[in-house]
J.: 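The structure is given below, and queries will be raised subsequently.
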Amino acid sequence: MPLSKLLLASLLLSFLLFHLLQAHQTVHAQTQGSLVQQIDCNAACGARCRLASRQLMCHRACGTCCRRCNCVPPGTAGNQEVCPCYASLTTHGDRRKCP
């Protein structure tokens, strides 16, 4: 009888510790994710697309890429090595998605 009570108490204690550890890891992961600063995609894409002949298409594609990568290369063209994620996105036809 005392052995079963000890076993039950140790199981409850281990369950409680596991639950507390899991809760701590969840909170830690959420705070780490919120520390990443989001860039202003509208402003960055406005600068990137200011010389484009097709403004709306450029803004739409750039905005999608910016939200996925949180990065827009400087200038109006090129410089994609600055942002590898931005440079790696392609369309279904294997063409570069991002302007």
Side-chain angles (χ1 to χ4, degrees):
M1 186 66 133
L3 186 61
S4 63
K5 287 184 181 181
L6 182 63
L7 181 63
L8 182 62
S10 64
L11 282 173
L12 286 174
L13 184 60
S14 64
F15 177 74
L16 179 64
L17 287 174
F18 176 75
H19 182 69
L20 288 174
L21 180 63
Q22 188 177 15
H24 175 72
Q25 288 175 343
T26 303
V27 168
H28 182 69
Q30 288 174 351
T31 58
Q32 288 297 322
S34 65
L35 294 178
V36 175
Q37 185 176 2
Q38 295 290 319
I39 67 169
D40 182 5
C41 290
N42 286 335
C45 289
R48 182 77 174 170
C49 296
R50 74 177 182 269
L51 299 179
S53 60
R54 299 171 74 181
Q55 293 278 316
L56 292 178
M57 184 188 299
C58 183
H59 278 280
R60 188 179 67 222
C62 180
T64 299
C65 297
C66 178
R67 283 188 296 280
R68 287 185 188 170
C69 299
N70 194 37
C71 180
V72 174
T76 56
N79 301 318
Q80 293 197 357
E81 66 277 356
V82 175
C83 189
C85 171
Y86 191 92
S88 69
L89 295 177
T90 58
T91 64
H92 292 291
D94 288 329
R95 296 177 64 193
R96 283 189 175 164
K97 178 178 186 68
C98 308

J.: In Å and rounded to the nearest 0.5 Å, what is the CG to SG distance from Asn70 to Cys65?
T.: 12.5 Å
J.: Look at the side chain of Tyr86 and the backbone N and O of Pro99, then say whether any donor-acceptor pair between them is shorter than 3.5 Å.
T.: yes
J.: Starting from the C-alpha separation in whole Å, work towards a yes-or-no answer on disulfide (SG to SG under 2.5 Å) for Cys45 and Cys62.
T.: CA-CA 6 Å; Cys45 289; Cys62 180; 2.2 Å; yes
J.: Under 3.5 Å, side chain of Arg60 to main-chain N/O of Met57, donor-acceptor pair present?
T.: no
J.: Tell me if a side-chain donor or acceptor on Asn79 pairs with a main-chain N or O of Pro74 at a distance below 3.5 Å.
T.: yes
J.: CZ of Arg48 to SG of Cys66: how many Å apart, nearest 0.5 Å?
T.: 11.5 Å
J.: Please examine the side chains of Arg67 and Gln38, heavy atoms only from C-beta on, and report whether any two atoms are closer than 4.5 Å.
T.: no
J.: To the nearest 0.5 angstrom, please state how far the OG1 atom of Thr76 sits from the CG atom of Leu51.
T.: 4.5 Å
J.: Determine, for cysteines Cys69 and Cys85, whether their SG atoms are under 2.5 angstrom apart.
T.: yes
J.: Compare all side-chain heavy atoms of Val72 with those of Cys41 and state whether any distance is below 4.5 angstrom.
T.: no
J.: Should Leu89 and Arg96 count as side-chain neighbours, where that means a heavy-atom distance under 4.5 Å?
T.: no
J.: Provide the closest heavy-atom pair for Gln55 versus Arg50 in the form atom of the first, atom of the second, distance.
T.: NE2-O, 3.4 Å
J.: Could you pull out the closest heavy-atom pair between Val82 and Pro84, with the gap in Å?
T.: O-CD, 3.6 Å
J.: A side-chain contact here means heavy atoms from C-beta on lying under 4.5 Å apart; do Lys97 and Thr90 qualify?
T.: no
